[in-house]
2 protein chains.
Amino acid sequence: MNTANALKKTALFSGMDDEKVALFASKSLVRHYEKGEELFAMGDQAASFFFIIDGWVKLYRITREGEESIINVFAPHETFAEAAVFGPMQRYPVNAQAVEDTTLLEIPRSLFVETIRADSDLAISILGAIAAKQHYLIQQIEQLTVREAPQRIGTFLLRLCPPGATRNIEVALPYDKSLIARRLNIQPETFSRAFKKLEPHGVHLQGRVAVIEEIGRLAAFCDVEDRDKPC
Amino acid sequence: MNTANALKKTALFSGMDDEKVALFASKSLVRHYEKGEELFAMGDQAASFFFIIDGWVKLYRITREGEESIINVFAPHETFAEAAVFGPMQRYPVNAQAVEDTTLLEIPRSLFVETIRADSDLAISILGAIAAKQHYLIQQIEQLTVREAPQRIGTFLLRLCPPGATRNIEVALPYDKSLIARRLNIQPETFSRAFKKLEPHGVHLQGRVAVIEEIGRLAAFCDVEDRDKPC
DNA sequence: ATTCCCGTTTGATCTGAATCAAATGCTTAC
DNA sequence: GTAAGCATTTGATTCAGATCAAACGGGAAT
């Protein structure tokens, strides 16, 4: 099955043999959510974690003033909420909502726990996978604190570029601009204006598609070290 | 041994029986660092993670402009760098420096990996411990993005209060104000001014000691939900 | 005790982004 | 096709925090 192949490419499953991955794929539940549907709420019992077959999912919290704080937005073929499932509370610490029509695999905790019990090497590789995610969170903190708006947007765009591409890249924005804005901790108005400040650096916006003339130029402006440095 | 008792209180070791903990304590290395000494640099091979017996350690990165971005500052009896040790790179993704005179336990990766191999239930509890840390990072993102300076400082102070205390609490600042400032992503000047904005809420600063008249009042201002909510 | 150094405070000014307000454009539903 | 309802853009104003500059203060070394 195709899903199994995709699964195997994630950090979480990469240490597993094909047979086991297939087992996971078959024992997990495929579910479809429409844009705007809630997957789970903060405080819910964390019985499963998720693999996105297709679509985009945001994790967010609601502040006391009723504003959304975006924690992360996950892309197709990413897993999320693993930490909640293994955490001491076994509750989701955030809310999750599909921001586009989304198909995902719901993987029950129990299945995973059993597999780990039987194979402790696997546990170490999972430990590694979760650790890697933590690394990403650290980057996000740096991103949010040090950079300013246009550079944050630039970095976001760079991440959307297919690897290897160098010039005249058309990047379709994966979800609403207003969501991208809040994900980057910017107001929609500021986002709109900040995007224009990227034009001198070879980035043009046509509706929902951004065209990047030259990736190196944008990267230089955004001050991104190598796009994914080993540390 | 005393260190073993302290160790057992950390999330990472809480799932281990006394005998094993004692083994860890004995096989690990106790090291002392003076204020300002570097523990490791970004990119170094991550052969060990750490438990702080006494002192304070900052994790930070250097931006291209040469500025420090503070990722976290760890307190006595906390562990850090577990994720790096189990991550796919096995390299530290940040720099670490003692910000006060510090004594710590250096726990080798190998020791841990072997123990997990032999006891996969332990693996699950470690998974949980790392997951909990991730949760903390998420809070930090929220903290840095949503709140403004005086509230960030207030939240920081609240964390330093001994549990159970309610009024007229004297809190000694654990390290330099300028470091606290950057840790909270505030300039030192702004920190100084923002601190004064807490006076109307019952917080007074006397040198390196803050006096909190009433914890509830400060908590209300900072908009902290219950100080450690289960989710 | 005096000096030096560095962390901290205070003051004045600047600026990026938020906010308030309104116009425009795109989708969706009828 | 048209109207309604959002999302996005544009404009004007405000504000929190950064930056620049200078004074202050306390600890360490002499």
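Letters go in sequence order (proteins before strands), and every chain restarts at 1.
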> Taking atom P of C/dC26 as reference, at what distance in whole Å does atom CG of A/Leu173 sit?
Replying inline: 15 Å

> To the nearest Å, how far apart are B/Arg193 CZ and C/dA12 P?
Replying inline: 10 Å

> In terms of side-chain heavy atoms of B/Glu148, which of C/dG11, D/dG17, C/dT19 is nearest?
Replying inline: D/dG17

> A/Tyr175 and side chain to side chain contact (heavy atoms under 4.5 Å, CB included): which partner among A/Arg183, A/Lys58, A/Lys35?
Replying inline: A/Arg183

>> Pair A/Glu213, A/His204 - check side-chain hydrogen bond (donor to acceptor under 3.5 Å, both in side chains), show working.
In response: CA-CA 8 Å; A/Glu213 285 178 16; A/His204 301 271; 3.0 Å; yes

> What integer distance in Å separates A/Gln206:CD from D/dT9:P?
Replying inline: 13 Å

>> Could you tell me how far apart B/Gln187 (CD) and C/dT15 (P) are, to the nearest whole angstrom?
In response: 16 Å

> Atom NZ of B/Lys35 to atom P of D/dA28: distance rounded to whole Å?
Replying inline: 10 Å

>> With side-chain hydrogen bond (donor to acceptor under 3.5 Å, both in side chains) as the criterion, how do A/Gln187 and A/Thr190 come out once you've worked through the C-alpha distance, each side chain's angles and the decisive distance to 0.1 Å?
In response: CA-CA 5 Å; A/Gln187 294 310 112; A/Thr190 304; over 6 Å; no

>> Side chain of B/Thr190 only, heavy atoms from C-beta on: which candidate in D/dG11, C/dA17, D/dT19 is closest?
In response: D/dT19

>> Using the rule side chain to side chain contact (heavy atoms under 4.5 Å, CB included), only one of B/Thr3, B/Leu104, B/Leu105 pairs with B/Val30; which is it?
In response: B/Leu105

> Rounding to a whole Å, what distance do you find between A/Asp101:CG and C/dT28:P?
Replying inline: 11 Å

> How long is the line joining CG of B/Leu184 and P of D/dA18, in whole Å?
Replying inline: 11 Å

>> Check this for me: does the side-chain of B/Glu189 come within 3.5 Å of the base of D/dC20 through a donor and an acceptor?
In response: yes

>> My understanding is that only residues two or more places apart in sequence, or in another chain, count here; which of them pass side-chain contact (heavy atoms from CB on, under 4.5 Å) with A/Gln45?
In response: A/Gln90, A/Arg91

> Roughly, in whole Å, what's the span from CD in B/Glu199 to C1' in C/dT9?
Replying inline: 13 Å

>> Evaluate B/Gln97 against B/Tyr33 for side-chain contact (heavy atoms from CB on, under 4.5 Å), listing each step before the verdict.
In response: CA-CA 9 Å; B/Gln97 186 191 57; B/Tyr33 292 88; over 6 Å; no

> If you check every side-chain atom of B/Leu205, which of C/dT9, D/dT9, D/dA18 has the closest atom?
Replying inline: C/dT9

Could you list the protein-to-nucleotides 4-8 of chain C atom pairs, N/O on both sides, closer than 3.5 Å?
from  : atom 1 : to       : atom 2 : distance (Å)
C/dT8 : OP1    : B/Lys177 : N      : 2.9
C/dT8 : OP2    : B/Ser178 : N      : 2.8
C/dT8 : OP2    : B/Ser178 : OG     : 3.1

> B/Phe50 and B/Phe40: aromatic ring centres closer than 6.0 Å?
Replying inline: yes

